[in-house]
Undergrad: 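Let me give you the structure first, and then I'll get to my questions.
Start at 1 and go down the list; that is how both ligands and their atoms are numbered.
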Amino acid sequence: MHRFILICAWLLGSTAWAQSAPPADAAVAGVQSANIFQIAPGADADPKYKDQTNGERAQVQPGNNAPMWRQVGQGVTGYSSLPKSQAPEAGNLIQPFVQYPGSRLTNAGEAWRQVRNRYLIPYGGALLLIALGAVALFYWRKGTLELHGAETGRKIERFTPFERSAHWANAIAFVALAVSGVVMAFGKFFILPVIGTALFGWLTYALKNIHNFAGPLFAVSLVIVFVTFVRDNLPRAEDITWLLKGGGLLSSQEVPSHRFNAGEKVLFWGGVFFLGLVVVASGLVLDKLVPGLVYERSTMQISHMVHATATVLMMAMFIGHIYMGTIGMRGAYSAMRDGYVDETWAKEHHELWYNDIQAGKIPAQRSEPTVRATKTATTA
Ligand code: HEM
């Protein structure tokens, strides 16, 4: 009985095998997987192995795409059917090799990262801290620059309402940009550890949008500030004396100046005009607001490096300006807030301007006095 069952099982098994096995000469249809070690053992021993194109490699090692990925890594641009105007870099996954100032010769994305992390962030941050430290030191040694003489009560209009509106629109946009920019660039060092990744993500996302919208406002108000103040910032001979003597700010005797002294003129031409132009131009590129420009990754990388360098220099300069315009000099801030200064202030800080007003060459009141202005002029 036992032997009978075994013989039946053997017969059934061999019949099933005979039915399922394909004929030896049948053609294999469809996509076949292949084991590259079985197909071309030792294909990499070929001296031309490393120079093979992707097509050649596929002949000896199907499925091995290394030549294509090597080209991608070297920045080769492949074919893309997308229109160049809308997707200028669709055929290029990894950018070609470049060497940005301060980077190694490497893929542009990596080169940009090196410049940002090795130079812009550490040196930019250091410059801002040095500027803050310098004004803190100046305040510690000199305190607020006070008037020497007594106030007369007679007022001179230093800034018209238009001039003040232009200035404050610009200053508010600047502060919004500076705060959001600093958090975006340096926040991960001093805010992230305190509030954590989730909140920091939301914060920087919100600030990035504020930055993008405040930028064009800053650009427009900067042009108005430039046009408004350019005339009184034109260089004059006495500016040289002022610069050579450092304005006399370290001694107690200020060097006479016209409406704006040489220090203010340096800020105007260097900070408002030159750096302002660079910051605004690169910022508008980053905002993709320049019509007709092809926005490739390299365009953005170069604009970013220029923007970051110029903004850090600009912020360092304006830290000095904001210091002088607030706690650094008594009477400066109220001049920009209400428009008026006392005659003693004008005589001590801008003597040549004061002399011209006394001589009747410049009117002491330039705008149509409003009720508030009259009140300020008589009570301030
Ligand atoms: C919170 C920020 C700011 C404060 C507190 C501030 C304060 C002042 C004050 C008090 C003055 C009058 C100085 C004087 O009477 O001689 C002044 C003048 C001026 N400010 Fe500002 N300012 C600020 C931001 C800015 C910004 C961002 C800009 C431009 C980018 C700017 C451009 C000017 C210009 C052009 C003048 C006229 C004097 C000159 O030409 O140098 N200010 N500011």
Side-chain angles (χ1 to χ4, degrees), residues 131-132 135 144-145 147 155-182 214-236 239 242-243 247 249 254-281 283 310-354 357 362 366 380:
L132 285 173
V135 293
T144 303
L145 300 180
L147 287 180
K155 300 290 169 186
I156 296 173
E157 188 185 35
R158 184 149 173 81
F159 298 111
T160 65
F162 179 81
E163 289 169 339
R164 285 182 279 138
S165 315
H167 177 270
W168 287 124
N170 191 231
I172 290 167
F174 177 85
V175 170
L177 288 164
V179 170
S180 52
V182 163
L217 283 177
F218 177 73
V220 173
S221 55
L222 193 74
V223 173
I224 300 174
V225 162
F226 178 78
V227 174
T228 308
F229 293 112
V230 66
R231 208 175 69 107
D232 288 325
N233 275 296
L234 291 175
R236 302 173 79 135
D239 294 334
W242 195 97
L243 285 174
L249 290 178
E254 263 188 57
V255 180
S257 64
H258 281 275
R259 186 176 177 212
F260 299 129
N261 61 41
E264 291 175 298
K265 290 180 184 180
V266 168
L267 176 99
F268 184 84
W269 289 105
V272 177
F273 177 71
F274 177 69
L275 290 175
L277 200 68
V278 178
V279 164
V280 165
T311 43
V312 163
L313 291 173
M314 195 174 186
M315 279 190 282
M317 280 186 105
F318 277 91
I319 284 172
H321 174 74
I322 293 169
Y323 167 74
M324 269 307 192
T326 50
I327 55 169
M329 178 183 282
R330 178 87 57 220
Y333 177 72
S334 55
M336 202 35 113
R337 190 190 59 205
D338 302 321
Y340 290 87
V341 289
D342 193 88
E343 274 187 5
T344 310
W345 188 96
K347 192 169 187 303
E348 290 189 14
H349 295 306
H350 298 276
E351 197 178 342
L352 303 175
W353 178 62
Y354 171 77
I357 290 170
I362 300 172
R366 289 175 298 131

Undergrad: Which pair of non-hydrogen atoms, one from V278 and one from A310, has the smallest distance, and what is that distance?
TA: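 Taking every non-hydrogen atom into account, CG1-CB, 3.7 Å.
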Undergrad: Compute the minimum heavy-atom distance from W269 to ligand 1 and say whether it is under 4.0 Å.
TA: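 No, W269 has no heavy atom closer than 4.0 Å to ligand 1.
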Undergrad: Sort and list the pairs that fulfil salt bridge (charged side-chain N to carboxylate O under 4.0 Å, His left out) and have at least one residue in residues 266-277, not counting sequence neighbours.
TA: none
Undergrad: What part of D232, side chain, backbone, both or neither, has a heavy atom within less than 4.0 angstrom of ligand 1?
TA: neither
Undergrad: With the side chain counted from C-beta on, respond yes when L267 and F318 share a heavy-atom pair under 4.5 Å apart, and no when they do not.
TA: yes
Undergrad: Is there a side-chain contact between H258 and D239 in this structure, where contact means two heavy atoms from C-beta onward sitting under 4.5 Å apart?
TA: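 Heavy-atom side-chain distance check fails, nothing below 4.5 Å.
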Undergrad: If the condition is salt bridge (charged side-chain N to carboxylate O under 4.0 Å, His left out), which residues does E163 pass it with, not counting sequence neighbours?
TA: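 Testing E163 for salt bridge (charged side-chain N to carboxylate O under 4.0 Å, His left out), a comparison that skips the adjacent residues, returns R259, R366.
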Undergrad: Taking heavy atoms and a distance under 4.0 Å, where does L222 meet ligand 1: side chain, backbone, both or neither?
TA: side chain
Undergrad: Under a 4.0 angstrom heavy-atom cut-off, which atoms of ligand 1 come close to F174?
TA: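 Those atoms are 27 (C).
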Undergrad: Which heavy atom of the protein is the closest neighbour of atom 10 (C) of ligand 1, given with residue, atom name and distance?
TA: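 Ranked first by proximity to atom 10 (C) of ligand 1 is A332 O, 3.2 Å.
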Undergrad: Can you list the protein N, O or S atoms less than 2.8 Å from atom 21 (Fe) of ligand 1?
TA: H167 NE2, H321 NE2
Undergrad: Please output the side-chain donor-acceptor pairs of residues 214-227 that fall under 3.5 Å, not counting sequence neighbours, one pair per line with the distance.
TA:
from	atom 1	to	atom 2	distance (Å)
S221	OG	N170	ND2	3.1
S221	OG	L217	O	2.9
S221	OG	F218	O	3.1

Undergrad: Measure the distances from the heavy atoms of F159 to every atom of ligand 1 and state whether one is below 4.0 angstrom.
TA: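 Heavy atoms of F159 do come under 4.0 Å of ligand 1.
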Undergrad: Less than 4.5 Å apart, any side-chain heavy atom of Y340 and any of W345?
TA: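 SC-SC contact between Y340 and W345 ruled out.
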Undergrad: Side chains of F268 and F229: closer than 4.5 Å at any heavy-atom pair?
TA: yes
Undergrad: Does any N or O in the side chain of R164 come within less than 3.5 Å of the main-chain N or O of R337, such that one atom is a donor and the other an acceptor?
TA: yes
Undergrad: Has R236 got its NZ or CZ under 6.0 Å from the middle of the six-membered ring of W242, at an angle within 45 degrees of the ring axis?
TA: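 Output no; distance or angle outside limits.
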Undergrad: Check each heavy atom of M324 against ligand 1 and say whether those closer than 4.0 Å belong to the side chain, the backbone, both or neither.
TA: neither
Undergrad: Quick test: of every protein heavy atom, which one is nearest to atom 38 (C) of ligand 1, and how far off is it to 0.1 Å?
TA: F260 CE2, 3.5 Å
Undergrad: Out of M314, E264, M317, R259, who is nearest to atom 14 (C) of ligand 1 when you count heavy atoms only?
TA: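 Looking at heavy atoms only, E264 sits closest to atom 14 (C) of ligand 1.
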